Amino acid sequence: QVQLVESGGGLVQTGDSLTLSCAASGRTFSNYVMGWFRQAPGKEREFVATISRSGSNTYYTDNVKGRFTISRDNAKNTVYLQMNSLKTEDTAVYFCAAVRGPFTYSDARKYDYWGQGTQVTVSS
């Protein structure tokens, strides 16, 4: 069992930056591929980014490329999502998720463990 706890959400303005953190516990963190997903009101949960077990490979959905950066610190059992140049359309609840490696996925159904989510609101 893997427990995931997100933090770092909040209310920001267009163009601001925010860094989300997801602390993991319960299993060997470095064995797990990590992902960030988000869900806006009335919409389905969508893929944002994923990172391989070592952190050497990352993948992003097109509309965050160049603005968001996913990273991990295996010594701290934590995955991060650095979000720059935030837009109103980035407003959502952000979830981190974990799946035992080695493959990375953009499909939420592949992930076995989920955090409770953290709200990010971007106002104009």
Side-chain angles (χ1 to χ4, degrees):
Q1 193 78 2
V2 176
Q3 292 80 40
L4 302 172
V5 179
E6 302 97 334
S7 61
L11 173 63
V12 296
Q13 293 188 324
T14 302
D16 285 351
S17 298
L18 203 59
T19 299
L20 306 182
S21 300
C22 174
S25 61
R27 287 288 187 268
T28 304
F29 182 66
S30 58
N31 286 342
Y32 288 82
V33 167
M34 301 299 296
W36 283 99
F37 292 79
R38 65 187 181 186
Q39 188 166 17
K43 295 188 177 181
E44 293 187 353
R45 190 168 298 190
E46 66 169 349
F47 167 74
V48 176
T50 185
I51 188 166
S52 62
R53 293 176 297 178
S54 67
S56 58
N57 294 307
T58 58
Y59 303 94
Y60 301 89
T61 189
D62 285 346
N63 58 10
V64 307
K65 283 180 182 176
R67 299 190 299 122
F68 290 12
T69 302
I70 187 171
S71 62
R72 67 190 295 162
D73 186 337
N74 286 344
K76 295 183 177 180
N77 291 352
T78 302
V79 63
Y80 305 95
L81 186 68
Q82 171 70 42
M83 304 185 293
N84 299 327
S85 302
L86 283 161
K87 305 176 181 180
T88 55
E89 51 263 43
D90 295 319
T91 295
V93 178
Y94 283 71
F95 299 89
C96 70
V99 59
R100 194 170 178 88
F103 302 109
T104 55
Y105 300 103
S106 60
D107 185 346
R109 295 170 295 180
K110 297 290 188 181
Y111 288 80
D112 297 315
Y113 303 102
W114 292 83
Q116 82 290 346
T118 186
Q119 176 71 47
V120 173
T121 303
V122 185
S123 68
S124 57

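Note that the numbering runs from 1 along the sequence shown for the chain. For clarity, every value in this text was computed on a predicted model and none was experimentally measured.
In the hydrophobic cluster analysis, where Ile, Leu, Val, Met, Phe, Trp and Tyr join through side-chain heavy atoms closer than 4.5 angstrom, Trp36 is grouped together with Val12. Phe95 and Val64 are members of different hydrophobic clusters when ILVMFWY side chains are connected at heavy-atom separations under 4.5 Å. The hydrophobic cluster containing Val122 also contains Leu20, counting ILVMFWY residues as joined when their side-chain heavy atoms lie under 4.5 angstrom apart, directly or transitively. Residues Phe37 and Leu18 are members of separate hydrophobic clusters, defined by side-chain heavy-atom contacts under 4.5 angstrom among Ile, Leu, Val, Met, Phe, Trp and Tyr. Leu11 and Val120 are not part of a single hydrophobic cluster, where members link through side-chain heavy atoms under 4.5 Å apart.
By the neighbour-count criterion of 12 heavy atoms within 6.0 Å, atom CD of Glu44 is sparsely surrounded, having that number or fewer from other residues, nucleotides or ligands. Within a 6.0 Å sphere centred on CZ of Arg45, heavy atoms belonging to other residues, nucleotides or ligands number more than 12. The 12-atom threshold is not exceeded at CD of Gln13, counting heavy atoms of other residues, nucleotides or ligands nearer than 6.0 Å.
With rounding to the nearest 0.5 angstrom, the CZ atom of Arg67 is 6.5 Å from the CG atom of Leu86. Rounding to the nearest 0.5 Å gives a distance of 11.5 Å between OG of Ser30 and CG of Asp73. How far OG1 of Thr61 is from CZ of Phe68: 10.0 Å, rounded to the nearest 0.5 Å. Separation of atoms OG1 (Thr91) and CD (Gln119) is listed at 7.5 Å; rounding is to 0.5 Å. The OH atom of Tyr94 lies 12.0 Å from the CD atom of Gln39; values are rounded to the nearest 0.5 Å. Atom OG of residue Ser25 and atom CG of residue Leu4 lie 7.5 Å apart, to the nearest 0.5 angstrom.
Of the candidates Ile51, Thr69, Val48, Thr69 is the only one forming a side chain to side chain contact (heavy atoms under 4.5 Å, CB included) with Tyr60.
Closest approach of Phe47 to Ser106, counting heavy atoms only: CB-O, 3.3 Å. Heavy-atom minimum distance, Asn84 versus Gln82: OD1-NE2, 2.7 Å. Residues Ala49 and Leu81 approach most closely at CB-CD1, 4.4 Å, considering heavy atoms. For the pair Ala92 and Ala40, the tightest heavy-atom approach, listed with the atom from each and the gap, is CB-N, 3.8 Å.
With hydrogens and angles ignored, the 3.5 Å screen pairs no side-chain donor or acceptor of Thr88 with any backbone N or O of Ser123. Of the possible polar contacts, none joining the Gln1 side chain to the Gly26 backbone as a donor-acceptor pair under 3.5 Å is found. Between the side chain of Glu6 and the backbone N or O of Gln116 there is at least one donor-acceptor pair closer than 3.5 Å. The main-chain N or O of Lys76 is found under 3.5 Å from a side-chain atom of Thr78 such that the two form a donor-acceptor pair. A donor-acceptor distance shorter than 3.5 angstrom exists from the side chain of Thr50 to the backbone of Met34, with no hydrogens or angles considered.
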- Item | Derivation and outcome, salt bridge (charged side-chain N to carboxylate O under 4.0 Å, His left out), residues Asp62 and Lys65 | CA-CA 5 Å; Asp62 285 346; Lys65 283 180 182 176; 3.0 Å; yes
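Under a cutoff of 6.0 Å and an axis angle of 45°, Arg72 and Phe29 form a cation-pi pair.
Ring geometry for Tyr111 against Tyr105 counts as perpendicular: the plane angle is over 60°, on a 0 to 90° scale with 30° as the lower cut.
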